[in-house]
Amino acid sequence: MKKVMDLDSACLDGFPFVKMVASGNDFILINNFEKRIPAEWGPELARKLCRRAFSVGADGLILIEPPKSQKACFSWRFFNADGSEAEMCGNGGRCAARFAVAEGLCPPEHVFETLAGLIRAEVKEKKVKIELSPPHSLRIDFALDVDDQKFLASFINTGVPHAVLFFAPEDLARLDVKQLGSKIRFHPAFAPSGTNVNFVATLGEDNLKVRTYERGVEAETFACGTGACASAIIAAQKGLIKPPVTVETSGGEKLNIYFDPKDVSRVFLEGEARFVYQASLSKEALE
Ligand SMILES: N[C@@H](CCC[C@H](N)C(=O)O)C(=O)O
């Protein structure tokens with residue numbers, strides 16, 4: 001397969017894109033409705049454009065494309081900064097919904113297609129609320145041995161896989177998230193897809209602090225929407241909190257999570273999604 005810079009450094013020159021952020025999780029979004037960017041370029045395009053300091057820099061790349069069904073007004077391809085394609089992204093989904101409305105592709109309330117399923121969105125200026133695909137594969141409180149340390153972990157898939165571990169607030173504050181997160185992310189218990197890793201402290205009966213080591217970014221991000229939802233659902237299942245839940249993210253912004261603890265098939269994620277800038281690509285950004 002030819003490398004994108006061979007094929008596209010010329011044809012992508014001047015290509016419009018926007019940079020958006022949702023609670024510090026930042027994304028490059030491209031309106032690819034004309035399908036000028038074939039999907040097979042996605043991984044390398046993401047690696048090139050998401051590389052901080054050397055290019056635009058972001059946690060992920062989102063291509064907005066025509067829907068495959070009548071039920072949705074767009075579909076998307078989501079690529080992590082390392083080029084891996086993910087089934088879903090909560091914060092990226094909130095950015096995509098607002099971008100699609102701004103592009104005139106969708107009304108403020110719409111549905112879009114992801115590899116995790118249909119996502120319902122409600123855009124009210126900067127505030128965007130989405131309904132995740134039904135979470136699954138819930139496992140509460142199992143033993144997880146990491147080198148010579150023993151942890152109690154939980155797991156759920158909220159569109160993408162999430163391990164969740166609880167700590168006292170003071171321990172969470174000083175935790176080496178990258179060191180421990182990278183070991184759990186690749187732990188055999190979560191093979192073959194690996195997992196995102198959420199480190200959580202309960203701050204009150206409806207308030208959590210969550211720090212997330214993100215698969216495909218391979219670092220702690222300032223927020224993770226599906227991770228915030230995973231943490232809230234598991235905290236409620238363990239009787240630690242009652243929804244609706246406010247999640248304080250690493251970047252300091254708050255996410256609101258809504259669900260019925262007796263029926264976690266419907267989970268809603270709400271927060272701000274902001275435009276940072278719009279620009280056009282330079283072919284040199286792909287070098
Ligand atoms: N930050 C996202 C999650 C994006 C996908 C994740 N990195 C993965 O590969 O599982 C979110 O807000 O949910």
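Indexing begins at 1, ligand by ligand and atom by atom, following the structure's order.
The contact set between ligand 1 and Met88, taken as ligand atoms under 4.0 Å from a residue heavy atom, comprises 4 (C), 5 (C). Using a 4.0 Å cut-off to heavy atoms of Val160, the atoms of ligand 1 that qualify are 10 (O). Against a heavy-atom cut-off of under 4.0 Å, Asn91 is close to the following atoms of ligand 1: 11 (C), 12 (O). Close approach of ligand 1 to Thr226 is summarised as follows: ligand atoms under 4.0 Å from at least one heavy atom of the residue are 3 (C), 11 (C), 12 (O), 13 (O). Interface of Asn80 with ligand 1, defined as ligand atoms under 4.0 Å from a residue heavy atom, comprises 5 (C), 6 (C), 7 (N), 8 (C), 9 (O).
When Ala81, Cys229, Gly60, Cys89 are checked for heavy-atom proximity to atom 2 (C) of ligand 1, Cys89 turns out nearest. Evaluated by nearest non-hydrogen atom to atom 4 (C) of ligand 1, the leading choice among Glu87, Arg215, Glu214, Glu85 is Glu214.
Relative orientation of the Phe74 and Phe112 rings is parallel, given thresholds of 30° and 60° on the angle between their planes.
Of the polar atoms of Gly90, at least one N or O is found under 3.5 Å from an N or O of ligand 1, judged by distance alone. For a threshold of 3.5 Å applied to N or O pairs, the pair formed by Gly225 and ligand 1 contains at least one separation below that value.
Both the backbone and the side chain of Cys224 come within contact range of ligand 1, each with a heavy atom under 4.0 Å.
Ion pair Asp26/Arg274 not flagged as a salt bridge, since none of the NZ, NE, NH1 or NH2 atoms sits closer than 4.0 Å to an Asp/Glu carboxylate oxygen.
Paired with Val200 under the rule side chain to side chain contact (heavy atoms under 4.5 Å, CB included), one option of Thr212, Val247, Leu208 passes, and it is Leu208. If you run side chain to side chain contact (heavy atoms under 4.5 Å, CB included) between Glu87 and each of Thr114, Thr226, Val160, only Val160 comes through.
Among protein heavy atoms, atom 6 (C) of ligand 1 sits closest to Asn196 OD1, 3.4 Å.
Between the side chains of Thr246 and Asn207, no donor N or O sits under 3.5 Å from an acceptor N or O. A donor-acceptor contact closer than 3.5 angstrom is absent between the side chains of Asn25 and Ser23.
For Val217, the heavy-atom gap to ligand 1 stays at 4.0 angstrom or more.
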Determine, stepwise, if the pair Glu125 / Val101 fulfils side-chain contact (heavy atoms from CB on, under 4.5 Å). CA-CA 10 Å; Glu125 295 182 354; Val101 171; over 6 Å; no

Are Asp260 and Arg266 close enough, and set up right, to give a side-chain contact (heavy atoms from CB on, under 4.5 Å), and what steps lead you there? CA-CA 8 Å; Asp260 176 348; Arg266 301 199 67 187; over 6 Å; no

